[in-house]
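Read through the structure below, which is laid out as structure tokens, and then see the notes.
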Amino acid sequence: MKDQVRKAVEESLKKQFPELGGKSLDVAVDYPTQERFGDYTTNAALQLAATLKKSPREIAQAAAAALADDPLFASVEMAGPGFINFTLSPRTWFENLREVEEKGESYGHSQATPSKKIQVEFVSANPTGPLHVGHGRGAAVGDTLARLLKAAGHQVETEYYINDIGRQMKVLGRSVYLRLLELSGRKITFPDDHYQGEYIRDIARRLLEEKGERLLAMEEEEAIERCRGAAANEILGAIRSDLDAFGVHFDRWFSEASLFEKGEVAAALEDLKKRGYIVERDGATWFASSRFGDEKDRVVVRQDGDTTYFASDIAYHWDKFRRGYDLVIDVWGADHHGYIPRMKGVVAALGYKPEQLEVVLIQLVNLLRKGEKVSMSTRGGTFVTLREVLDEVGRDAARYFFLMRRSDSPLDFDLDLARSQSNENPVFYVQYAHARVCSIEQKAKEAGVPIPAHGQVDWRRIASAEERRLMKKISRFPEIVAQSAAHLEPHRLVYFLHELSGDFHHYYNHTRVLIDDAETSAARFFLVRCVKRVIHNGLALLGITAPQRM
RNA sequence: GCGCCUGUAGCUCAGCUGGAUAGAGCAGCGGACUUCUAAUCCGCAGGCCGGGGGUUCGAAUCCCUCCAGGCGUGCCA
């Protein structure tokens, strides 16, 4: 719709002012801040005033007059310093609803041009413990981004990167081994920097029961390695099942260890070396990230010959890009923001465009209970797990809360609020709107009222201000989805659904849908079913259910 | 010190690729259920958009500067 308006404005301006020539004008069509200014507005005249050497009002007046006859519009007016305001006829708005009926479940989806091959990598938590709420936020955002990008017409794959090798894993193995020794009656001292959580004891207990004797008989080194493997498997299994319960599924689970097994770490570094971005200095090997705007170069192979975590990351992204993605999206905790320049440097050094890597940062989640901050520490084991939050507030509320703020700003997650079955809980507000339409459908069915089709509805019956407002919002949905995807900002969709629900609740409270006047009744019924469709599709993109009744 | 992010109503936040009188939820006050679900709706109140300067016809939005807070600044992951 917006595009049609834009095209009309552009054509009219060019006709009125031939001196503008054939080039695209790139006029901006917006939604006015106030309803009395109409449905759409453009500031094109204000912008062109300087080029045309005419007053903005003069330009706007001429353009508006030329557009007045366009059947698309009910009225076109010049206003203020030189805005052109457009009001569409109720009939035009109604015609837009045909698409809702035609597309059904896929209403809101669009075909981006160009359609890109995109990978979204998210969560990627070390398998050293259960997922906590912070991971939950990353999971909700990453998963929703993938859904949004698909809906916007891209080809999307999701991936979880498993850090299944390295120092943290050794610490995990040793933590379990020590607990195992402890459980078998030995006296141990458990270091502070090892994993303190109770789940470590649980794993050790199971290992002791199943193969305790063999493990205890082994060389310590080997036993620790066995403990590590068993623990990582078990924890990863738990992570998968937590994510499953959260409605998050990955197309691929990618192992860091596999990068070494396949020799990709060496190959990637060799590639960079050939391109001239690897330097030897102070007995270590460095990636010349300072040549790409990073503060300094970064070590990839340490003096002792071990590769750094960064080397794995290089290899991982080397692998990703070789798989042919046009765009790679990494969802990271905000505390990793300092790594963006060096990663982008890697991408550039490998011959890709830095913009082909987008990093979405996820800020901290502060859990609140009874208004008090719940303190968390991963190492100390005093964190609240995603599973606990899911058990307490449910999947829908959890996802909604994680998604309702911009991901790069810290989030206060009020457990009591999310759990409350009351009007204070924003997720119900949207779901309730859906359930109310379902309820109307139920009543209609009982009364033998048929479901109206677009072709049978008389648009004149739904031309009130409230009804036009609903129609406008409904027709805006595909644009919101496309924008949320393009900006990688799921919260935009959340706000939109909240607004649409608000408009609907208002309408519902003031206008009875099923009434004796069959024509009006059918028209209203059709309209609210379109609202239901949008809420349903929108919640689906957020991974939230749309209940029939509440 | 340097870098990134943030500062908008009592609280939590939208709005930030410049537009007309800055929005929402919660909290507060006052109203609306014999009618499709009151988990709803209506009304009232609440703001030097952190301070200052600049660019512009026009700034919450862009630039500079200062202040406050968070994070980062490892041959850790």
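When reading the values below, keep in mind they use all heavy atoms of this one structure, side chains included, and skip hydrogens, waters and symmetry mates. Convention: sequence-line order gives letters A, B, ...; per-chain numbering from 1. Note that the coordinates shown come from a computational prediction; the quantities given were computed from them, not determined experimentally.
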Atom [atom1], compared across [N] and [M]: separation rounded to whole Å:
N      : M      : atom1 : answer
C41(B) : C49(B) : C1'   : 30 Å
A68(B) : G19(B) : P     : 31 Å
C42(B) : G54(B) : P     : 43 Å

Which of the following nucleotides, [options], is nearest to the side chain of [X]?
X         : options                : value
Lys443(A) : A38(B), A20(B), C36(B) : C36(B)
His505(A) : U6(B), U17(B), U40(B)  : U40(B)
Thr41(A)  : A20(B), U40(B), C75(B) : A20(B)
Leu46(A)  : C41(B), C16(B), G19(B) : G19(B)
Val513(A) : G25(B), G19(B), C36(B) : C36(B)
Arg405(A) : C42(B), G19(B), C13(B) : C13(B)
Arg298(A) : C41(B), G74(B), U35(B) : G74(B)
Arg302(A) : C16(B), U40(B), C75(B) : C75(B)
Tyr495(A) : A14(B), A20(B), G74(B) : A14(B)
Gln303(A) : C75(B), U21(B), C41(B) : C75(B)

Return the pairing partner of [N] with a 3.5 Å limit on both distances, Watson-Crick or G-U wobble; otherwise return none.
N      : result
C49(B) : none
G18(B) : none
U61(B) : none
U56(B) : none
U40(B) : A32(B)
G72(B) : C2(B)
A27(B) : none

Angle class for the [X]/[Y] ring planes (parallel below 30°, perpendicular above 60°, tilted otherwise)?
X         : Y         : value
Phe292(A) : Phe287(A) : parallel
Trp253(A) : Tyr160(A) : parallel
Phe496(A) : Phe477(A) : parallel

Evaluate the side-chain proximity of Leu411(A) to Gln363(A): yes if any heavy-atom separation is below 4.5 Å, no if none is.
-> no
Would you mind classifying the nucleic acid contact of [X] as base, sugar-phosphate or nothing, using non-hydrogen atoms under 4.0 angstrom?
X         : answer
His337(A) : base
Ala435(A) : base
Asn85(A)  : base
Gln34(A)  : base
Ser55(A)  : nothing
Asp412(A) : sugar-phosphate
Arg57(A)  : nothing
Asp282(A) : base
Arg492(A) : nothing
Tyr429(A) : sugar-phosphate
Pro56(A)  : nothing
His498(A) : sugar-phosphate

Rounding to an integer number of Å, can you tell me how far [X] [atom1] sits from [N] [atom2]?
X         : N      : atom1 : atom2 : result
Ile59(A)  : G19(B) : CD1   : P     : 19 Å
Gln431(A) : U40(B) : CD    : P     : 12 Å
Leu403(A) : U12(B) : CG    : C1'   : 17 Å
Tyr508(A) : C42(B) : OH    : P     : 15 Å
Gln363(A) : C5(B)  : CD    : C1'   : 7 Å
Lys296(A) : U73(B) : NZ    : P     : 10 Å
His510(A) : U40(B) : NE2   : P     : 15 Å
Asp30(A)  : U61(B) : CG    : C1'   : 13 Å

For [N], take OP1 and OP2 only and decide whether either is under 4.0 Å from a side-chain N or O of [X].
X         : N      : result
Ser409(A) : G7(B)  : no
His506(A) : C42(B) : yes
Arg281(A) : C75(B) : no
His491(A) : G15(B) : yes
Arg436(A) : A38(B) : yes

Is it the case that G72(B) (base atoms only) and Asp335(A) (side chain only) share a donor and an acceptor within less than 3.5 Å, ignoring hydrogens and angles?
no
Under 3.5 Å, is there an N or O donor on one side and an acceptor on the other linking the side chain of Arg36(A) and the base of U21(B)?
-> yes
Check this for me: does any side-chain nitrogen of one of [X] and [Y] sit under 4.0 Å from a carboxylate oxygen of the other?
X         : Y         : value
Asp313(A) : Arg342(A) : no
Glu121(A) : Lys320(A) : yes
Arg524(A) : Glu467(A) : yes
Asp306(A) : Arg167(A) : no

| Pair Phe83(A)-Phe37(A), ring-ring contact (aromatic ring centres under 6.0 Å, His included): steps then yes or no | CA-CA 10 Å; Phe83(A) 294 103; Phe37(A) 293 137; 7.7 Å; no
Checklist entry - salt bridge (charged side-chain N to carboxylate O under 4.0 Å, His left out) between Glu35(A) and Arg469(A): does it pass, once the steps are laid out? => result CA-CA 9 Å; Glu35(A) 256 174 40; Arg469(A) 193 178 305 140; 2.7 Å; yes
Per nearest nucleotide of RNA chain B, the residue lying toward the 5' end, Arg512(A) or Asn126(A), is Arg512(A)
Whichever of Asn43(A) and Phe310(A) has the more 5' nearest nucleotide on RNA chain B, that residue is Asn43(A)
- Item | C4(B), syn or anti by chi within 90 degrees of zero |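 This nucleotide is in anti.
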